Amino acid sequence: MASTQSGNAAAHFAERVGRAWLAGLAGLGYCGSLVVESLYWLFLGPRVKQTVRVGAVFAQMMEIGIGAIPIVALLGAAIGAMLAIQGIYSLSIFGAESRVVFGIALSMTREFAPLITGILVAGRSGSALAARLGIMTINQEIDALTVMGINPVRYLVVPAFIALVVMVPALTFLSNVVGLWAGGLYVGIELDMSMAAYVDQTIETLSVDDLMHGIWKSLIFAVLITVIGVANGASVTGGAEGVGRVTTRAVVQSIMAIVVTDMIFAFVATR
Amino acid sequence: MDTSPEPAESVKVLEVENLVAQYGERIILDGVSLDVHEGEIMIIMGGSGSGKSTLLRHLMGLERRASGTIRMLGQDTAALTGQEKLELHKRIGVAFQGGALFSSMTVGENIMLPLQEHTDLDLRTMEIMARMKLEVVDLAGFEDLMPSELSGGMIKRAAFARAIVMDPKILFCDEPSAGLDPVVASALDDLILRMRDALGMSIVVVTHELDSAFKIADRMTVLDAGRILFIGTPDELRAEQSERIQNLLHRRTEEETGDPEEYLRRLLGERLDKEGHP
């Protein structure tokens with residue numbers, strides 16, 4: 001009896017693992033098809049007189065991009081200053097404090113600016129996207145669009161997709177500028193270096209590749225935030241509680257995807 | 001309903017044959033067949049769990065069927081490409097149970113949305129058309145309000161206005177009188193009749209309200225546990241002698257018939273395997 005029970009438990013466990021895997025695969029497939037469908041409507045929609053709403057794209061850009069400028073600037077400055085503080089501290093062990101400019105320039109542009117911007121936008125806009133689509137799904141607004149002959153992906157997803165793909169790299173660039181500037185301020189005070197000398201050294205250190213390494217990454221993050229937000233919002237079940245659940249899940253999954261992708265990208269692009 | 005044309009001679013706008021729907025292994029609709037004629041109000045009735053909402057979702061093209069055919073306005077909906085499906089959807093209207101108005105838009109913008117997406121009309125013309133439809137549903141002057149500022153009955157009427165703005169051939173209504181007081185519900189029934197007469201469309205209404213159903217129906221379909229129990233006119237339904245229909249009409253709950261062993265097994269939470277052994 002005991003052995004059948006443990007056998008059952010094992011079978012049950014295996015079934016749950018299998019189901020979770022299948023659900024994950026189905027989710028990945030859905031995300032992939034979402035990207036393809038978005039691109040279809042963006043580029044081929046006008047041919048069938050189904051254009052993406054320009055007004056909605058700008059509204060989303062304001063919301064996702066312009067609205068996030070203060071917080072991105074603040075975080076960028078904090079990270080830049082933090083890098084300067086930690087850099088000077090750790091380099092002082094070797095008496096090489098002046099080398100800190102390299103550290104700030106490279107880690108800000110290649111790593112911290114895209115990562116922090118991505119995480120911030122995931123929390124700010126990925127969650128909003130999931131919640132909005134979740135509520136619309138529950139209120140049958142998505143069904144209403146479908147039966148009106150309005151494709152929900154074209155109408156709702158593509159504007160957010162374009163806005164994110166444009167705005168996340170733009171915000172990353174802003175974060176770079178502010179972060180490097182704030183790092184420079186601290187270095188100037190601590191090491192008695194002029195801002196002009198700091199800027200010169202930074203420009204000398206950085207190549208276009210370093211800058212683009214971060215910008216490309218942020219572009220991938222934007223795609224991840226969109227598809228994860230949309231996939232979660234569209235899969236909502238169970239009323240208001242369900243909306244809360246998918247919103248949380250969208251943020252957690254986005255951040256997870258961003259950090260893991262960051263690691264993979266760094267590995268592939270620096271070797 | 002003496003104004004309605006004789007069903008047998010008129011054009012069929014909707015034909016459903018042997019529709020089977022299932023979620024996982026659970027069969028929701030089991031071989032449903034019905035027709036809707038031009039200019040006809042067809043009521044689909046049934047208790048909760050009878051499959052009527054699922055049937056409606058299939059008719060609206062929101063679900064994938066397991067088998068069977070649905071021909072809408074002469075086209076087999078399963079054989080349509082994405083673009084053809086969009087075109088077909090322009091010719092049907094749907095009034096959802098909760099209204100499904102877009103909460104970020106005003107009532108007027110909600111009603112104009114299909115026009116904006118599907119026509120090249122200028123804004124002024126679209127506004128006039130939206131106001132005309134608002135007149136039809138007695139909501140004139142409410143176009144600048146947000147859906148959250150409307151009462152339950154007004155939301156349903158605004159949803160009707162949006163559903164008919166493209167002058168559809170078929171209008172689907174999901175539980176139009178659910179959650180409304182009897183007076184407002186009765187006014188909505190009158191509105192449905194008026195829309196049919198004024199715009200000449202076929203209307204499919206899913207409801208469980210008997211009074212409202214008898215008031216507006218040309219023909220009625222009664223669903224029970226995923227199968228069709230009855231299709232016919234309201235008079236034929238009243239005259240129907242079968243026990244299940246009589247129970248439904250007189251709002252009696254059916255006696256639970258089952259064997260005590262099965263009941264015990266349910267209580268104990270035991271499941272049967274495919275051969276029926278525990």
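Below, read A as the first sequence line, B as the second, and so on, with proteins coming before strands; counting in each chain starts at 1. Quick note: numbers below take in every heavy atom, side chains included, and nothing from hydrogens, waters or symmetry partners. Being a predicted model, the structure only gives us computed values, none of them experimental.
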Chemist: If I measure from the heavy atoms of chain A, does B:L88 come under 4.5 Å with its side chain, its backbone, both, or neither?
Modeler: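 For B:L88, no heavy atom lies under 4.5 Å from chain A.
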Chemist: Counting only heavy atoms not in A:Y30, do more than 12 fall under 6.0 Å of its OH?
Modeler: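 Atom OH in A:Y30 is crowded, with more than 12 foreign heavy atoms closer than 6.0 Å.
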Chemist: Distance-only criterion, 3.5 Å: which donor-acceptor pairs connect chain A and chain B?
Modeler:
unit_1 : atom_1 : unit_2 : atom_2 : d
A:K49  : NZ     : B:D120 : OD2    : 3.2
A:D143 : OD2    : B:R57  : NH1    : 2.9
A:V147 : O      : B:H89  : ND1    : 3.4
A:M148 : O      : B:H118 : NE2    : 2.6
A:R154 : NH1    : B:E117 : OE1    : 3.0
A:R154 : NH2    : B:E117 : OE1    : 2.8

Chemist: So with a 6.0 Å cut-off around CE of B:M105, is the heavy-atom count from everything else above 12?
Modeler: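 Yes, the 6.0 Å shell around CE holds more than 12 heavy atoms from other groups.
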Chemist: Between atom CD1 of A:I150 and atom CG of B:L86, what is the distance when rounded to the nearest 0.5 Å?
Modeler: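 That separation rounds to 9.5 Å.
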Chemist: Hey, could you give me each pair passing salt bridge (charged side-chain N to carboxylate O under 4.0 Å, His left out) that has a residue in residues 219-228 of chain A? Not counting sequence neighbours.
Modeler: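 Those involving residues 219-228 of chain A do not exist here.
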Chemist: So does B:F102 have more than 12 non-hydrogen atoms from other groups sitting under 6.0 Å from CZ?
Modeler: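 For B:F102, atom CZ is crowded (more than 12 foreign heavy atoms under 6.0 Å).
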Chemist: Under 4.5 Å heavy-atom distance to chain A, tell me which part of B:L62 shows up: side chain, backbone, both or neither.
Modeler: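 Side chain only.
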